[in-house]
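One structure is given here, and the rest of the page talks about it.
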Amino acid sequence: MTDDARPTDGPPAGAAPRLVRTRAELRSALATGTDDRRAVVMTMGALHDGHLALVRAARELADQVVVTIFVNPLQFGPGEDLDRYPRDLDGDLSLLATAGADVVFAPTPDVVYPDGDPVVRVSAGAIGQVLEGAARPGHLDGVLTVVLKLLHLVRPGVALFGQKDAQQLMAVRRMVHDLDVAVDVVAVPTERDADGLALSSRNAYLSAAERTRALALSRAVRAAEQAAEVDGTAAAVRAAAHEVLDGADVVVEYAVLVDPLTAQEVPPDHTGAAVFAVAARVGSTRLIDNALLRLGRQSLESA
Ligand code: PAF
């Protein structure tokens, strides 16, 4: 996007965003903008084009774009990759300069959680018990807790999240609705490499051979999308995706068709919006992918 297309005076393209590390520095940086014209993009760093697409979308919607970079310990379970999660603040700042972020809030855990682990946390409820929540108990509660804290600290009018983390998006939308949080949530489509692999910071863990095997996830997603377009029934979508995954060299944790409002499996006669979501292990790396589908139109047309 060019500077001219920006709503107001964002930084010139390529200008370094203002890096703030403390709550006081953040408050001072926010003072140059207005809350309802501010967008936030929350990340855990190790940025890639998927994150930059979020920042560019934020640039279109707001005058002040704040990117948070914080590897949130609360959303990692014991034995997960908290310690080895990729961290590259300098690289992230260079990328964010190209995408047009104004402010980067990169706090340490003691800034976000000054009294240690919070006693009171947000619960994702039933959404947090299935899929990612079943595989990673407490994960979505940890996500929602930090998301709510960052919303309070950054006070944005709009918060952008990637469709790539479909269940996280569902949980955030539900929290904002159920707890009357005054922010608009905007979903941004998943960015993919040319071969279809959904961009993820965890792709960095994959060897070349594992990366090839990982394409089973995006192939399953594509098969699900095609079945939804051609046939339109939940059974056809499930069968098409499973046909891909059954022959793949990955360990599938789940491959399901769920309601985007509840994250619960849809019944066989479901019509309307549905999310096909897949999680699989490729070697020691756990990957997820999904597609937002619309079911039923085709079967109604042929009835
Ligand atoms: O999607 C992520 O990177 C994280 O879950 C988020 C939203 C930044 C919260 O830590």
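Predicted model only: the values in this text are computed from it and were never measured. Counting from 1, the numbers follow the sequence of the chain as shown. Note that ligands are numbered from 1 as they come in the structure, with each ligand's atoms numbered from 1 the same way.
Using a distance-only test at 3.5 Å, with no hydrogens or angles considered, a donor-acceptor pair links the side chain of D88 to the main chain of G91. Between the side chain of D259 and the main chain of E265, no donor-acceptor pair closer than 3.5 Å is present. Between the side chain of R23 and the backbone N or O of V111 there is at least one donor-acceptor pair closer than 3.5 Å. No donor-acceptor pair under 3.5 Å is formed between the side chain of H270 and the backbone N or O of P267.
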Present, as a list of atom pairs with distances to 0.1 Å, all nitrogen or oxygen contacts under 3.5 Å between ligand 1 and the protein.
residue  : atom   : partner : partner atom : Å
ligand 1 : 1 (O)  : Q168    : OE1          : 3.4
ligand 1 : 1 (O)  : Q168    : NE2          : 2.9
ligand 1 : 5 (O)  : Q75     : NE2          : 2.9
ligand 1 : 5 (O)  : Q168    : OE1          : 2.6
ligand 1 : 10 (O) : Q75     : OE1          : 2.6

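Between R219 and D195 there is no salt bridge, since none of the side-chain N atoms of the basic residue sits less than 4.0 Å from a carboxylate O of the acidic one. Between R286 and E132 there is a salt bridge, since a side-chain N of the basic residue sits under 4.0 Å from a carboxylate O of the acidic one.
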